[in-house]
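Bear in mind that the values here come from a model prediction, so they are computed numbers and not experimental data. Just so you know, these numbers use all the heavy atoms, side chains as well, and skip hydrogens, waters and symmetry mates. Reminder, nothing fancy here: chain letters follow the sequence lines and each chain counts from 1.
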Amino acid sequence: MTNLAKAKSYKSDIKPIWCPGCGDFAVLSALTKAFAFLDLAKQDLAVISGIGCSSRLPAYFSSYGFHGIHGRALPIASGLKLARPELTVIASGGDGDGFSIGGNHFIHACRRNLDMTYIVMDNEVYGMTKGQASPTTQPDWASSKLTPHGTGVRPFQPAAIALASGASFIARAFSGDPNGMTKLIIAAIQHPGFSFIQVLSPCPTFRPEQKLWKHQVEAFPHEPTDDPVKAATRLYTDDGMSSGLIFQSNYPTWNKPEVAQTSVKQFEEEFVV
Amino acid sequence: MTNLAKAKSYKSDIKPIWCPGCGDFAVLSALTKAFAFLDLAKQDLAVISGIGCSSRLPAYFSSYGFHGIHGRALPIASGLKLARPELTVIASGGDGDGFSIGGNHFIHACRRNLDMTYIVMDNEVYGMTKGQASPTTQPDWASSKLTPHGTGVRPFQPAAIALASGASFIARAFSGDPNGMTKLIIAAIQHPGFSFIQVLSPCPTFRPEQKLWKHQVEAFPHEPTDDPVKAATRLYTDDGMSSGLIFQSNYPTWNKPEVAQTSVKQFEEEFVV
Amino acid sequence: MSTQNCTHSIAITGSGGSGAITVGNMLLQQAAKNSLYGFMRRSVGPQIRGGESAALLRLSDQPVFCPDDRFDLLIAFDWRNADRFALEIPLDSQSLIITDPASGEIPEVIQQSGAKIIEVPLKKMASAVSGGRINMVAVGLLTALLKMPAEVATDIISSTLVKKGEEAIKSSLDCFETGFNYELPGKLPCPQLMAAEPGIRWNISGNEAAGLGALQGGVRFVAAYPITPATEVLEWLSPRIEKIGGTLLQAEDELASINMAIGASFGGTVSMTSTSGPGLSLMSEGIGLAVASEIPLIVVNVTRGGPSTGIPTKSEQSDLNIALNGLHGDAPHLVLAPQNITDCIDTTRWAVQLAEALQTPAIVLTDQFQGQSRCITPVPESPDLAMARKVAQPEKDKVFERYAITESGISPMAIPGTADCSYTADGLEHKPSGQPSSIATDHHDQLDKRQRKLDLFEFGEKWADIHGDGQLAIITWGSSTAAVLEAAQRLKFTGQTVKVISIRLLAPAQVDSLEKELIGVNRLLVVEQSHSRQFYHYLRAHYTLPDKVNVFAEPGPLAITPGTITHAVQLLKGELS
Amino acid sequence: MSTQNCTHSIAITGSGGSGAITVGNMLLQQAAKNSLYGFMRRSVGPQIRGGESAALLRLSDQPVFCPDDRFDLLIAFDWRNADRFALEIPLDSQSLIITDPASGEIPEVIQQSGAKIIEVPLKKMASAVSGGRINMVAVGLLTALLKMPAEVATDIISSTLVKKGEEAIKSSLDCFETGFNYELPGKLPCPQLMAAEPGIRWNISGNEAAGLGALQGGVRFVAAYPITPATEVLEWLSPRIEKIGGTLLQAEDELASINMAIGASFGGTVSMTSTSGPGLSLMSEGIGLAVASEIPLIVVNVTRGGPSTGIPTKSEQSDLNIALNGLHGDAPHLVLAPQNITDCIDTTRWAVQLAEALQTPAIVLTDQFQGQSRCITPVPESPDLAMARKVAQPEKDKVFERYAITESGISPMAIPGTADCSYTADGLEHKPSGQPSSIATDHHDQLDKRQRKLDLFEFGEKWADIHGDGQLAIITWGSSTAAVLEAAQRLKFTGQTVKVISIRLLAPAQVDSLEKELIGVNRLLVVEQSHSRQFYHYLRAHYTLPDKVNVFAEPGPLAITPGTITHAVQLLKGELS
Ligand SMILES: Cc1ncc(C[n+]2csc(CCOP(=O)(O)OP(=O)(O)O)c2C)c(N)n1
Ligand SMILES: Cc1ncc(C[n+]2csc(CCOP(=O)(O)OP(=O)(O)O)c2C)c(N)n1
Ligand code: SF4
Ligand code: SF4
Ligand SMILES: [Mg+2]
Ligand SMILES: [Mg+2]
């Protein structure tokens, strides 16, 4: 089996509902390539998401998946990983799902550092509900009726928040650079701990101007660092349009404590007066 | 009226339920002093909170107040401020309320930059529910039955998160230094935009070791900055035990757009075919 | 409505970009201009863009608020994913299908209907015009088929396309003409619609109507989070509320939006939020806080198919349970339901007034079927005046007690800025002053008071709409009402009388009023759009019903139509005789 | 239980740090060791620490699960905030009050009772012992008063204080002796308790019991967020579950905890969470997802006073509405309620088994009254075996369909790691494969299936507990059951028979089973602890009840006592005759 054929074997036969040109197609395909490269067994792989265009992702794989509720991809994925540490767990979704309604789980998942990968397809818009501003939308974007003068609010900085929250692997990918993205996904899955990848994934339908991203995104001019101060400095001076691995560190991951095992019967004895 | 008598006039006659020695007493009194200094009219002042020991605060003032639900102090305060911009709005609560269940509102309130003040009484524990770990608890604190081996998770960094979220005023106060705290509160209320003060406020009941804080807390060795890179650098190298104003910047606050006014009748006309 | 409706039901389908919806909208406008009425639903596939969509239109000489049981005409621009529509467009041997042979074979599910097929070379006709589009050809065809004047149609085309420029208008008009002049080998299986009384008509959707009712009621603060099918309520409100001094804010989530509305209302500003099932679930805790702290606000819930994420684009009446009983603790509040698109104005306005008067949250239960459909209606009656919030002022020698025990159950509510009335609102149980208390007597006093204010309030006649009379009554609520009323009208036409009771005020239950209406009724048919018979169980829980009760409960996503109800009634009558 | 209970009710009160609760706990243990039974509630003031607290104890020669109507004895270490307790400790002229004249005057509310006052110089007696504490003097006094052997008491003191060191034990024993030998000028107004059948006794709280039942049922994953009065469920589980291979995680909030439980259960691990009203509200959306995606899990809800934050430390049965009807859409699920402290074990275990068998969430409705009280009981019967989840394996030549339409309504559920059975779980409506669908037939098929699996399941005898017989029946649920059963026993003693039906399985409603039990019943008394008669409305909604139904519905925070129920029955009987 060539690698490409193998990658394809991770796809289900459900046709994506995505619009032509949607950046999410590239994410789907990069993930299958990464799975193929890592030679993951389908049945030991689970892709979890919330709700949104991007969150439709799981059904397009032939692995296990969970298309959950809006904003809760990370708790569902965390529960699964805690219960079944041997599985490869990928959480996924959109910028609205992950940073707006799901923002709290994002910061706490970064802290908790379970060994899983979180991929946010960031199109700076709510695609599924037909084009409202998301936390990453520029303040002057006025094309949504809900924010006719723009949001007036400075955008959410996913990588900087992840860093401040204590994430141990922070990267930015671009769906216009599928090979780069595949490499980052491989590294993320291999990283022991919580790996966060913000994927710049254009929404040609509600943000046609994002077609220009292919001229704007450039590789991060730095090597990845494990120094949060350095990473912060870079992130606070970055325009949010550079891709690559930003930060990687060997923070301890959350682990089940090692304790001597007993039985429920033993606990019953404790009630005897 | 002496300043102290005036400060006292902001207190209600309800006796706090707090334990003797609780750090929150000092916060209550520093707030009244700040109100007196700023000569705020009681009726134009509203103190909003969530649920927790610290969140009992509002009823202890003679101003308006709202003791809401767990984690939602900021949305309630934001709604009030949006509807009644002329009021002075103080949101308040604990580290559990603000950083655990309320974490999402915290990061979005920082971004939104409404002109209000948020005071978190951080005792690194859930006091009200009798002593569980909070996001700011050290990973090796093992005195809660819910985390008998400690949380194993690196603590939430309130100031760093606030900075990454785009807060425009970030300070850390200590309830063992009531004068310093009063000054910071005055500056926070005066600051046009969202002002965040993390108050190190010991819980002698569930964290008796915090009695040592008075020997540990020191003034920040730097002048406040308006440069996020500088602030980040300092925060990532700080031990979380220094007090003072860390960051202040003149980010734009969320404002009602100026638009020509009309009447509901006009909107009805739009439906005419 | 005393005579049988004369209506035409027309479905226009096509895959994304084919402009089927535009055709529907233009016909709807023509109806209005030609002194007719109309109703239009949209049905879309799961694709965000480029998927199939259908305009499901019904034109009539009387106001209509629901689809018919069948379609007279289907005009299909292509047959892609037609199976996804088939159930929504019932055709029979009387129906016509207009299709272009160039779009391939007609799918089996459609052919089965036995409808008469008329082949029209739509593509060819359109491509004969430079920049021509088949949907404009269709407008022409349909205008002619419906015997509506060409001038009205061309005016509408020109004004609709004004932003697209001269050239687009020109080619559209040319297409229109081609269609209009095409000799169709067939005609509609029903008489021509005769213009009804002339006069100004509105073209409005239920979501817009709910927005308008809210503003009429006095709403000046909205915080909300987008969700299908409620987003249009917000989209309508957002650019408008700021023009009357109000604010709409897109919040980070529903927890934020409900609590922001609470904060704003605490501040004295009439407040609302709007959402659908999943969002309503997230708001439960906040709504409970509003009950306990006695903060007025309204939640417009545009119900979609459930449970969970369910079917976001389709309708159902299955959020009744959560609206009535979804709060923890004993938490009396208001639940209201508009009965059709225009009633979304009145019921929402009334909900605001009640919430304000009673200092408690009101949930307005509308749904996708009402919310996202449009209708042509006469100009609605002028609204009542907005009921102003009773705001407390300090009284001499009296300490202000926010939660004072009063006879009416309504306590004085002061708003920030009022001197000598300051208080702390609380969701913890409290004394009359607001101070937290866990003492039994305080708890009982406040529970009694919060219940009493709802029990004693005079809600007047609007609690339900009652139509007709008879020993057989149909009881229903919300958007099912339109089909029930039309069924009753049809039955009347065949000499059978039924009484229709449609409840607008679902909570608090108006026990005496309903039981009075049930005097003389010996058979009851309950009609609702849910699987688990939520309305029926609600009725049983609160009212004494006649001995014989039948239930017509169908979940979404298909609309309830008049014929299914007349059929259910016939069955009952058969059983009776 | 065939004879009238012989019980002693004793209240021990004092402000923070006085050790009143310790006294209660020690007496409870003595009861167990002396072959008696007992029940103890705690009541605490709003202060976090240093506030007043009371141990409300009842000792008996039979298992007891509720307080009596009155107290035989109040021993008060001081009178601070006594008014906050007054309503919880009903005294009468038969009662004794033991107090130290040094703690000041007895408050008016207490004196009013007419109870006999015995002054004992508690402080003086304690201070005569180096390091002496009055609560240990009280243990001595009470042990003597109750005629319980000193050796048992001193053993308990020694073992309880073992961590405090030799000196503490010594001074406590000295205090005990002083108290034990004190000549009290009065005795208890009831006969001495005679030891019941000897045997091993358990000392357990309802929250511990629920934790134990969960583990017995197979729970191996818990995610939760602390909340009064549910936290002890988690505190009991946390250090234990890890010792049997499981995990408990304190989540960032309730939204996270319910969804983590869903994720873990999807992974094949039996999962639960525990919360109280405000948390349950926040979990609604997640529970709905579990319904739609057919994920088993249990939610142990320890109800407290509502609405909103309400009265966190006190009990109520007012989360019934939200548990039954708090989900949006048509969302059939399980609701169960334990009937007393030990039944928390069995009902929780059964809930786990049912949830697993039926692939749906089960809400276990317990409350503060059960959860935070302790009782002395015989060793509960050995549990059924944990029902194992039916996990699907690939079948030859068959494509795995997670949501296949089956006759039983139960679809095959595979868990990750199983080859050739992979699927995507979905809260969107779906086809049997799991693929999202908005087509009517798919929606109806899945709605039918999710309902059918509950309708067809054989729940067996445990759906309710039925006691006695008679034309008058009392129907109740959950923690109200104990008082009702004791009332029935008292009535029987006076020759009056009533039938008691206590429903354990609240949803799905067991219509046939209940209606069968109601044959021959012509008068029904509904007993529940809520203000808005939630249980009564639920019964009306789902069951055909006798014509004459009376309702005894009282909100918290005061416990429902047997006497209030016998009184209600007397009133009914009076009316009847
Ligand atoms: C609780 C809840 N609130 C709101 C929604 C409606 N909703 C569905 S997807 C979505 C936003 C999607 O945006 P994003 O996560 O950025 O994904 P995208 O569609 O852009 O890929 C919203 C608001 C919902 N399904 N559930
Ligand atoms: C929705 C909800 N979940 C949980 C609780 C229980 N609860 C009350 S206060 C609290 C934590 C308080 O901790 P913190 O905010 O740090 O305040 P502190 O008591 O330490 O001042 C919790 C978990 C609640 N009231 N509501
Ligand atoms: S709307 Fe945007 S995000 Fe959604 S599928 Fe289309 S292009 Fe992709
Ligand atoms: S428990 Fe801790 S935080 Fe709460 S009042 Fe006591 S000292 Fe303060
Ligand atoms: Mg997006
Ligand atoms: Mg705290």
Side-chain angles (χ1 to χ4, degrees), chain A residues 14-22 24 49-56 59 66-72 94-106 123 125-135 137 142-153 156 203-206 208, chain C residues 15-17 44-52 80-81 84 207-208 211 222-243 247-257 274-279 281-283 302 304 306-310 312-313 372:
Chain A
I14 297 179
K15 198 174 154 272
I17 59 154
W18 295 321
C19 312
C22 178
D24 298 347
S49 69
I51 298 290
C53 296
S54 40
S55 292
R56 288 286 192 131
F66 206 130
H67 182 212
I69 43 178
H70 191 40
R72 316 298 163 207
D95 42 323
D97 196 77
F99 307 143
S100 196
I101 191 168
N104 201 32
H105 309 306
F106 179 51
N123 53 13
V125 78
Y126 289 3
M128 183 59 103
T129 47
K130 308 219 180 291
Q132 296 81 28
S134 90
T137 304
S143 305
S144 160
K145 285 190 196 149
L146 292 199
T147 46
H149 314 279
T151 63
V153 174
F156 184 95
C203 170
T205 297
F206 296 107
Chain C
S15 54
V44 292
Q47 249 74 15
I48 307 298
R49 179 151 287 186
E52 67 283 5
R80 243 166 288 156
N81 294 316
R84 280 208 280 245
N207 279 345
E208 294 167 350
V222 183
Y225 190 72
I227 187 166
T228 307
T231 312
E232 297 92 353
V233 176
L234 312 170
E235 288 182 338
W236 187 86
L237 281 167
S238 179
R240 290 177 180 80
I241 199 169
E242 61 182 36
K243 296 198 183 117
T247 300
L248 181 143
L249 189 98
Q250 180 182 321
E252 58 269 33
D253 61 14
E254 287 88 351
L255 305 165
S257 49
S274 181
T275 189
S276 186
S281 286
L282 289 174
M283 289 181 185
V302 189
R304 62 196 219 180
S308 196
T309 310
T313 55
Q372 295 193 321

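- Using a 4.5 Å cut-off between heavy atoms, C:Gln250 contacts chain A through its side chain alone, with no backbone atom that close.
- Within a 6.0 Å radius of CZ in C:Arg240, more than 12 heavy atoms belonging to other residues, nucleotides or ligands are found.
- Summarising the geometry of A:Thr147 relative to C:Ser238, their closest heavy-atom pair is N-OG, 4.4 Å, with the distance given to 0.1 Å.
- Listed here is the closest heavy atom pair of A:Thr129 and C:Pro226: OG1-CB, 4.1 Å.
- Atom CG of A:Leu146 is separated from atom CG of C:Leu237 by 9.5 Å, given to the nearest 0.5 angstrom.
- The two residues A:Gly68 and C:Thr309 have their closest heavy-atom pair at O-OG1, 3.9 Å.
- Heavy atoms of A:Ile51 lying under 4.5 Å from chain C belong exclusively to its side chain.
- Here C:Gln47 is the residue among C:Gln47, C:Glu242, C:Glu254 with the most heavy-atom pairs under 4.5 Å with chain A.
- In this structure, A:Phe156 and C:Glu252 have side chains that are not in contact, with every pair of non-hydrogen atoms separated by 4.5 Å or more.
- For chain A, no part of C:Pro278 is nearby; none of its heavy atoms comes within less than 4.5 Å.
- The contact between C:Thr228 and chain A is made by backbone and side chain atoms together, counting heavy-atom distances below 4.5 Å.
- The structure places SG of A:Cys22 at 12.0 Å from CZ of C:Arg49, a figure rounded to the nearest 0.5 Å.
- Heavy atoms of A:His149 lying under 4.5 Å from chain C belong exclusively to its side chain.
- Between C:Thr231 and the options A:Lys130, A:Lys145, A:Gln132, a side-chain contact (heavy atoms from CB on, under 4.5 Å) holds for only A:Gln132.
- Two residues are said to be in side-chain contact when any heavy atoms from C-beta on lie closer than 4.5 Å; A:Ile101 and C:Leu282 meet this criterion.
- At a 4.5 Å heavy-atom cutoff, A:Pro135 makes no contact with chain C through either its backbone or its side chain.
- Residue A:Phe99 does not touch chain C at all, counting heavy-atom pairs closer than 4.5 Å.
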